[in-house]
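Comments concern the structure below.
We count ligands from 1, going down the list as the structure has it; atoms in each ligand are counted the same way.
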Amino acid sequence: MKAEELKEKLMRNKKTGWVGLQEEEKNKIFSYCEQYMQFMNNSKTEREVVKNAKTLAEQKGFQDISTKQTLQPGDRIYWDNRGKSIYLAIIGKEAIENGVKIVGAHADSPRLDLKPNPLYEEEGLAYFKTHYYGGIKKYQWTTIPLAMHGVIVKTNGEKIEINIGEQEEDPIFTITDLLPHLAAEQMERKLKEGIKGEDLNLLIGSIPYEENVAEAVKLNILAMLHEKYGITEVDFTSSEIELVPAFRAKSAGFDKSMVAAYGQDDKVCAYTALTALLEQDIPNKTAVCILSDKEEIGSMGNTGMESHVFDTFLSEILNKLGVNTPNLLEKVFCNSQMLSADVDAAYDPIYASVYEKNNSGYLGRGIGLNKYTGARGKSGASDANAEFVAQIRHIFEEANIKYEVAELGRVDIGGGGTIAYILANKGVDVIDCGVPVLSMHAPYEVTSKFDIYEAYKAYYAFWRA
Ligand code: MN
Ligand code: MN
């Protein structure tokens, strides 16, 4: 056998997915990603993801599980958990005791939240104080256009939706930074201290209500907010307002091969998982999709994956199928399989020293599998069993899906985790499986269109198998 042939047969394929792609397939990738970018522009927060996911699901026949008395194979249902996370399912043909197939992504992304008492004035300028959410490099969040998304809930229960900075005619907001001429001291600081948490104050106005009144600019802002929304300063204490980049999702590069967008961790997996579920016919095993909240801050709280709301959703399915018995839920978990659909750090040649070339995810080489996450000596890792990895490889290879198996960076350099361990602790076979991202957690993250479409195909094939 010739060396080239033998190489082809025996060695791992490290080619980019763009090579040898049929024109028709390329067109499918590009048109799918147009839809994806549109979704991203309308879904910058977990609340917006859930709202839009619900709308798309309802168009495809999904119903709120609370409206169903009984369930049969083929039924399409969801549980909206407080508008911040959502669980969807299609009841399969096989007995549910044999387990379900879960694809779980998260809908929250790193951002700046408003503090409960955000508004103040200093020397004729009004500001909102912020508290950052998730792991960010703070300097990246200054001098960029920010939009304000969220809700303010009044004591009478009235909920006001805020969305400012996305329309052409809207103002945007921004956080200032020091001019280089006066930044000598700042520039000597460590990068992580260059901008401090309490420096992330959003500039929101500069016109006073009237002359010779203390805090007149703050007053003017409150007067405007009162006129528009009927709120007073204290109403901010019952609000959840997030500052997110006002950038639009865009194709990136001369060849338009990539997507630049805010919040691709993990909305890229949320969207690909969701659309893959919506396209399913009646699966053999019950297909379940999780779009979770609070992953970026440890999955705590009643909308995070550590909560028991998801278990309750599955229990409701067992009840309404009329099959529930004591401890059946625990048994279902032990027989279940899951792709933890979360993004992977793509190899960045500019910062090559933190990656290990043989075990990195690369842009354009398909969906990334992480057998384990964790840090140092695999501490805190959810490590997929070899038997399960083999089954997933089999599914992907049968469906002609390009995948690569990677770790997050060099040993002892970094580490991280997803929601994988939470389901693994219940007995589910889980592997991390997502799209590689450049500039992860930055206001503008980059992915490959090839990988996005491959993720969609991979989640589809997993449920279908
Ligand atoms: Mn993530
Ligand atoms: Mn993340």
Look at the N, O or S atoms of Cys269, main chain and side chain alike, and state whether any lies under 2.8 Å from the Mn ion (ligand 1).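 No, since none of the N, O or S atoms of Cys269 sits under 2.8 Å from the Mn ion (ligand 1).
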Does any N, O or S atom in Glu296 come within less than 2.8 Å of the Mn ion (ligand 1)?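 Looking at Glu296, which is the residue asked about, there is no N, O or S atom under 2.8 Å from the Mn ion (ligand 1).
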With respect to the Mn ion (ligand 2), what is the nearest N, O or S atom of His441?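 Restricting His441 to its N, O and S atoms, the minimum distance to the Mn ion (ligand 2) goes to NE2.
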Identified side chain to side chain donor-acceptor pair (under 3.5 Å) counterpart of Thr418 within the set Asp432, Asp266, Asp344: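 Only one of Asp432, Asp266, Asp344 forms a side chain to side chain donor-acceptor pair (under 3.5 Å) with Thr418, namely Asp432.
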Shortest-distance N, O or S atom of Asp342 relative to the Mn ion (ligand 1):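 Closest N, O or S atom of Asp342 to the Mn ion (ligand 1): OD1.
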Using the salt bridge (charged side-chain N to carboxylate O under 4.0 Å, His left out) rule, take Glu330 and Lys426 through it: C-alpha gap first, then chi angles, then the decisive distance, then the call. CA-CA 7 Å; Glu330 284 94 323; Lys426 296 180 202 280; over 6 Å; no
If you round to 10 degrees, what value do you get for the angle at the Mn ion (ligand 1) between Asp265 atom OD1 and His106 atom NE2?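 Approximately 90° at the metal, rounded to tens of degrees.
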Rounded distance (nearest 0.5 Å) linking atom CE of Met305 with atom OG of Ser340: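 If we round to the nearest 0.5 Å, Met305:CE and Ser340:OG are 10.0 Å apart.
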Would you say the ring centers of Phe62 and Tyr78 fall short of 6.0 Å from each other?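 No.
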At a threshold of 2.8 Å, where the distance has to be below it, does the Mn ion (ligand 2) have an N, O or S atom of Glu295 nearby?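 Of the N, O and S atoms in Glu295, none lies under 2.8 Å from the Mn ion (ligand 2), which means no.
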Lys/Arg cation over aromatic Phe128: Lys115, 6.0 Å, 45° cone: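 So Lys115 doesn't make the cation-pi contact.
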